[in-house]
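Beneath this line is the structure, given in structure tokens, with notes to follow.
It should be emphasised that the depicted structure is a prediction, and the values quoted were computed from it without experimental measurement.
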Amino acid sequence: MSRNLVVTGAGGLVGTELTAALLPAFDRVLLLTAGEPDTERLRRRIGRVLDAAGADGRGLDAAGAHGQELAAGADGRAGLLDRVTALPLDGLTPAALREAGLDSVAQVWNVGASLSYNQDQLAATVAANTAVPLRLLELCAPDERFFHVSTVGVTGPGAPARRETVPEAPVWRPDAVNPYVLSKLLAEHMLDNLRAHTGAPVSMLRLGSVVGPDGHAAVQDNRAGYYTLVEMLAKVVARGAVLTIDAEPGNAPPLAHVDQLAASCAALADRAARGAEVAAYYHLGDQTLTNAAAADAVNAALGQEVLRLGPPETALDRAYASVNADNVAFMSCGFRFDHAVLDAHVPAAARPRVDADSYARFVTGQLARLTARRGARREAAVAA
């Protein structure tokens, strides 16, 4: 019997990297998209990650996932991508699964989400982020595991003075600050209730903020979290200015390089495939890098002060604080997230780890990409 995988959100930063990491272990991979899918475009995105990971010999191999497959070169890569097909999420039915060649489903990875912070969109966001995973679990009925990607944000932003440890367990003292967080919290509880009462094989993965890969070249962009910080830093560097962020210097928010996150997920997928114990909750984020150390590392890497911690001083500071208020609050998070179960279930080489050097490489690399893109646009405008 073939082992088949279903993934939502495969067109995004995490979903693309995750699909590339899991792809070699499955015979067929079905990507579910919010609208009508462009299968070839999705394959190209996954292919770029596979190419980047294979180019420098690190990255996704941390979980031992696909070294042999990629050793065949372009033919092996093409064979992997041929396993990928796609359907619109709204069109998912038992008949559609069979027509896609999936008589059974081994694992489901629900990565997709409606990322809305608009209070006026509360009902729609809650419906999207709670109804979809429940429907997926019912229709796909995975033999091995249903992995639901959540967020450490279900705890709320975590005021700097709240030094509580959040266990790998349901959260009962939430501080839901926006529709996205509220919907993710509700989805966790509904899925956990199903798990407890029906024995459904469900795991919740709470991710911290995701930054670019450290084990291979960046081939994707994002429009949230620390990527918006880098976009603002690009403007600051161009003006010879300094960006001041009102984040607690000594606090360390949970962070993860996207390739290491994918490696952790691949290790958990492998546990499920082997029938080993898989827990109901995991925290995937490293909390060793303080905000002060992160700012120092960026300034040192750029050879000038571009990032400072403190109350907003300029119009740029206030604009960033307003547009990215949730991320600023996240940076000051005082919670510590327990990861004892993750440490027991995932090899050390595949766990998320973000230090000053790797963080600085992410920021400077992304700045270089933004600068190159602006230069290309200017050249195109001149040529036109």
* Look at D51 together with R48 and state whether they make a salt bridge at an N to O cut-off of under 4.0 Å. => no
* Please examine the side chains of Y320 and T228, heavy atoms only from C-beta on, and report whether any two atoms are closer than 4.5 Å. => yes
* To do: Measure the shortest side-chain to side-chain distance between Q260 and L284 over non-hydrogen atoms and say whether it is less than 4.5 angstrom.
  => no
* Check for a donor-acceptor pair, side chain of H283 on one end and backbone N or O of D338 on the other, with a separation under 3.5 Å. => yes
* To do: To the nearest 0.5 angstrom, please state how far the CG atom of L50 sits from the CG atom of L81.
  => 6.0 Å
* Whether over 12 other heavy atoms sit under 6.0 Å from R41 CZ -> no
* When rounded to the nearest 0.5 angstrom, what is the spacing between CG in L134 and CZ in F146? -> 7.5 Å
* Linking I/L/V/M/F/W/Y whenever any side-chain heavy atoms sit under 4.5 Å apart, do V242 and V298 land together? -> no
* How many angstroms lie between OG1 in T19 and CH2 in W109, if you round to the nearest 0.5 Å? -> 10.5 Å
* Should F337 and T155 be marked as a side chain to side chain contact (heavy atoms under 4.5 Å, CB included) after you check the CA-CA gap, both sets of side-chain angles, and the distance that decides it? -> CA-CA 10 Å; F337 293 89; T155 58; 3.8 Å; yes
* Which atom of G208 lies closest to which atom of V152, heavy atoms considered -> CA-CG2, 3.9 Å
* **Residue that, paired with E144, satisfies salt bridge (Lys or Arg N to Asp or Glu O under 4.0 Å) out of R274, R3, R271** => R3
* **Closest non-hydrogen atom pair, P249 against T290** => O-CB, 3.5 Å
* For residues L30 and L5, determine if any side-chain heavy atom of one lies less than 4.5 Å from a side-chain heavy atom of the other. => no
* To do: Identify whether the distance between the nearest side-chain nitrogen and carboxylate oxygen of E40 and R43 falls below 4.0 Å.
  => yes
* Could you verify whether a donor N or O on one side chain and an acceptor N or O on the other, from D27 and S2, lie under 3.5 Å apart? => no
* Exam field: side chain R45 to backbone G11, donor-acceptor pair closer than 3.5 Å -> yes
* Asked: Can you tell me how far CZ of R162 sits from CZ of F335, rounded to the nearest 0.5 angstrom?
  -> 3.5 Å
* Any side-chain heavy-atom pair from M232 and V323 closer than 4.5 angstrom? -> no
* Donor + acceptor pair across side chains of S358, D214 (<3.5 Å) -> no
* Can you find a heavy atom in the side chain of L136 that is under 4.5 Å from one in the side chain of L92? -> yes
* To do: Given side chain to side chain donor-acceptor pair (under 3.5 Å), test S114 with N129 step by step and report yes or no.
  => CA-CA 6 Å; S114 173; N129 291 340; 4.9 Å; no
* Asked: Would I245 and V328 count as a side chain to side chain contact (heavy atoms under 4.5 Å, CB included) if you check the C-alpha gap in whole Å, the side-chain angles of each, and the deciding distance to 0.1 Å?
  -> CA-CA 7 Å; I245 299 177; V328 173; 4.2 Å; yes
* Asked: SG/C140 to CZ/R135 distance, rounded to the nearest 0.5 angstrom?
  -> 9.0 Å
* Considering all heavy atoms, the nearest P94-L139 contact -> CD-CD2, 3.8 Å
* Considering all heavy atoms of both residues, which atom of Y282 and which atom of H345 are nearest to each other, and what is their separation? -> OH-ND1, 2.6 Å
* Asked: If only atom types and distance count, is the side chain of R206 paired as donor or acceptor with the main-chain N or O of E168 below 3.5 Å?
  -> no
* Asked: Are the side chain of D317 and the backbone N or O of T314 linked by a donor-acceptor pair below 3.5 Å?
  -> yes
* Structure fact -> Rounded to the nearest 0.5 angstrom, the OG1-CG distance for T85 and L31 is 8.0 Å
* Contact check, side chains of F26 and R83, non-hydrogen atoms, under 4.5 Å -> no
* Carefully, step by step, assess K184 and H148 under the rule side chain to side chain contact (heavy atoms under 4.5 Å, CB included). => CA-CA 10 Å; K184 284 294 191 179; H148 175 70; 4.0 Å; yes
* Evaluate the criterion side chain to side chain contact (heavy atoms under 4.5 Å, CB included) for residue pair T16 and V258; output intermediate values, then yes/no. => CA-CA 10 Å; T16 301; V258 68; over 6 Å; no
* **Non-hydrogen side-chain atoms of R308 and N299 separated by less than 4.5 Å** => no
* Hey, are the side chains of L255 and Y226 touching, using non-hydrogen atoms and a 4.5 Å cut-off? -> yes
* Asked: Side chain of E188, backbone of S150: donor and acceptor closer than 3.5 Å?
  -> no
* Between N251 and S332, does any side-chain donor sit less than 3.5 Å from a side-chain acceptor? -> no
* Nearest heavy-atom neighbours spanning S209 and G225 -> OG-CA, 4.3 Å
* Stepwise side chain to side chain donor-acceptor pair (under 3.5 Å) check, R145 with S203 -> CA-CA 7 Å; R145 205 75 187 171; S203 292; 2.9 Å; yes
* Structure fact -> On a heavy-atom basis, the closest approach of R195 and A200 is CG-O, 3.3 Å
* Indicate whether the side chain of H257 and that of E17 have a donor and an acceptor atom separated by less than 3.5 Å. => no
